[in-house]
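Quick note: numbers below take in every heavy atom, side chains included, and nothing from hydrogens, waters or symmetry partners.
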Amino acid sequence: MKGRTIFSTMVLILTALFVTSCMNTDYTGQSAYGDAFIKSVMVNDSVIAYNLQLYTYSWSEMKAVNVYSGADALQIRLDTIDYKYTFAKITDGEVYFPEPPIEDTYYFTVTFDNDEQIVVTDDLTALFINPPQIILLEWDNVDKQIKLKWEPIEKAQFYSIALLATDGQVAFETEMLDNTETEKWINKYTYGWHNNSKPEETTTYKIILRAFLFEPIASTFDIQSMSVNDLNSIEWKME
């Protein structure tokens, strides 16, 4: 079975946050949850670019989600990516801009499989976090492990790490790491390897390091900003 792509991995992270936020909530009837947040990525060591991410989650099956905004009159139809329970903005190649999205209110018109419709909203503020800077990335040939360390990001609340194999599939991923954690050693026994993805030969992994900032709303995990550093790769040596 193929491993997950980095997009599907991000969906799983966001879906897990949604499920966690609702574990202590009594759900009755059909409801949905819309999230608009700022994504920032490193273009190179000195340039950062931004775009808008849109997601909708529900306990019920949805068949259509349309989003519009108040400030810039944006209108977009989201695509289903998780058996009708998660919808997102999907493009063939993400487009990034030199400035982050402006503050706005986003309206998610959700149509469920029984044609019932509801509208949920999410307010996006101008607050965002930049990608974490890696200060140590090396292969420890004695203990056969990757050593990764990064600069802490002010306001970041969690981090996550993924390793991408050369075929673009995610071979390894951490759970959400607390913001006090700014280093990770990864060996064959570290928790997070996907089934049949542990390295058996010398290979190169792309490092995906993310930081998360959530909206200040008690009882929900509503993302305000996610930043990504994916510029670095490292060779896993078996000899």
Can a donor-acceptor pair be found between the side chains of Lys198 and Tyr189 at a distance below 3.5 Å?
-> no
Would you say Lys188 and Pro199 make side-chain contact, with heavy atoms under 4.5 Å?
-> yes
With sequence neighbours left out, write down each residue that passes ring-ring contact (aromatic ring centres under 6.0 Å, His included) with Tyr159, or none if nothing qualifies.
-> Trp150
What pairs meet the ring-ring contact (aromatic ring centres under 6.0 Å, His included) rule with one or both residues in residues 100-139, with sequence neighbours excluded?
-> Tyr50-Phe128, Tyr68-Tyr107, Trp139-Trp236
Separation between OH of Tyr83 and CD of Glu61, rounded to the nearest 0.5 Å = 11.5 Å
Where is the tightest heavy-atom contact between Ile38 and Pro100, given as atom of each residue plus distance?
-> CG2-CB, 4.2 Å
Can you run down the salt bridge (charged side-chain N to carboxylate O under 4.0 Å, His left out) pairs that involve residues 133-142, sequence neighbours left out, and say none if there aren't any?
-> Asp140-Lys147
Residue pair Val119, Val110: steps toward the side chain to side chain contact (heavy atoms under 4.5 Å, CB included) verdict = CA-CA 6 Å; Val119 177; Val110 178; over 6 Å; no
Between the main-chain N or O of Met62 and the side-chain N or O of Thr80, is there a donor-acceptor pair closer than 3.5 Å?
-> no
Heavy-atom side-chain contact between Leu78 and Thr56 under 4.5 Å | yes
Is the backbone of Ile161 close enough, under 3.5 Å, to the side chain of Thr174 for a donor and an acceptor to pair up by distance?
-> yes
Of all residues at least two apart in sequence or in a different chain, which pass the side chain to side chain donor-acceptor pair (under 3.5 Å) check with Asn51?
-> Gln53, Glu94
When rounded to the nearest 0.5 Å, the distance separating CD of Gln169 from OG of Ser197 is 8.5 Å
Under a side-chain separation threshold of 4.5 Å, the hydrophobic residues clustered together with Met42 are Leu231
Is there side-chain contact between Glu215 and Asp122, with heavy atoms separated by less than 4.5 Å?
-> yes
Give the intermediate values and the outcome of side chain to side chain contact (heavy atoms under 4.5 Å, CB included) for residues Val67 and Gln75.
-> CA-CA 6 Å; Val67 184; Gln75 295 190 47; over 6 Å; no
Hydrophobic cluster mates of Val47, side-chain heavy atoms under 4.5 angstrom, ILVMFWY only, any path?
-> Val43
Taking every non-hydrogen atom, the tightest pair across Trp193 and Tyr205 = CZ3-OH, 3.8 Å
When you measure from the side chain of Thr86 to the backbone N and O of Ile81, does any donor-acceptor pair fall under 3.5 Å?
-> no
Would you say the side-chain atoms of Glu173 and His194 include a donor-acceptor pair closer than 3.5 Å?
-> yes
With sequence neighbours left out, the residues meeting side-chain contact (heavy atoms from CB on, under 4.5 Å) with Glu201 are none
Is a side-chain donor-acceptor pair under 3.5 Å present for Asn114 with Gln30?
-> yes
Go through Gln157 and Asp178 one step at a time and tell me if the side-chain hydrogen bond (donor to acceptor under 3.5 Å, both in side chains) criterion holds.
-> CA-CA 7 Å; Gln157 294 163 306; Asp178 187 79; over 6 Å; no
Just wondering, do Pro132 and Ile153 contact through their side chains at under 4.5 Å, heavy atoms?
-> yes
Nearest heavy-atom contact between Ile129 and Ser40 is O-OG, 2.8 Å
Could you tell me whether the side chain of Leu163 reaches within less than 4.5 Å of the side chain of Ile186, counting heavy atoms only?
-> yes
Supply the members, apart from Leu136, of the Ile/Leu/Val/Met/Phe/Trp/Tyr cluster built from side-chain contacts under 4.5 Å; use none for a lone residue.
-> Trp185
Rounded to the nearest 0.5 Å, how far apart are CG of Asn232 and CD1 of Ile208?
-> 9.5 Å
Can you check whether Val65 reaches Thr109 side chain to side chain, under 4.5 Å on heavy atoms?
-> no
Any side-chain heavy atom of Ile48 within less than 4.5 Å of one from Val41?
-> no
Between the main-chain N or O of Met176 and the side-chain N or O of Ser160, is there a donor-acceptor pair closer than 3.5 Å?
-> no
Within a strict 4.5 Å, meaning less than it, do heavy atoms of the Phe158 and Arg210 side chains meet?
-> no
Which residues pass the side chain to side chain donor-acceptor pair (under 3.5 Å) test with Thr105, sequence neighbours left out?
-> Asp123
Say whether, by atom type as modelled, one donor and one acceptor occur between the side chain of Lys89 and the main chain of Leu52 under 3.5 angstrom.
-> yes
Kindly work out whether a path of hydrophobic side-chain contacts (I/L/V/M/F/W/Y, heavy atoms less than 4.5 Å apart) joins Leu164 to Ile134.
-> no
Leu124 to Ala36 - nearest heavy-atom pair and separation | CD1-O, 3.4 Å
Does the side chain of Thr204 pick up a donor-acceptor pair with the side chain of Glu235 at under 3.5 Å?
-> no
Residues 100-119 vs salt bridge (charged side-chain N to carboxylate O under 4.0 Å, His left out), sequence neighbours excluded, gives Lys63-Asp115, Lys84-Asp113
What distance do Leu148 atom CG and Glu183 atom CD have between them, rounded to the nearest 0.5 Å?
-> 9.0 Å
Connected hydrophobic set around Phe97, excluding itself, where side chains approach under 4.5 Å | Val95
Interatomic spacing from CG in Leu213 to CE in Met226 - rounded to 0.5 Å | 12.0 Å
Parallel, tilted or perpendicular: rings of Tyr55 and Phe37 (30°, 60°) = parallel
Is the number of heavy atoms from other residues, nucleotides or ligands under 6.0 Å of Lys155 NZ greater than 12?
-> no
Rounding to 0.5 Å, atoms CD (Gln224) and CG (Leu127) come to a distance of 5.5 Å
Residue pair Ile234, Ile207: steps toward the side chain to side chain contact (heavy atoms under 4.5 Å, CB included) verdict = CA-CA 8 Å; Ile234 193 166; Ile207 308 294; 4.0 Å; yes
Listed partners of Thr190 passing side chain to side chain donor-acceptor pair (under 3.5 Å), at least two apart | Asn187
Verdict with supporting geometry, Leu209 and Val228, side chain to side chain contact (heavy atoms under 4.5 Å, CB included) = CA-CA 6 Å; Leu209 175 60; Val228 183; over 6 Å; no
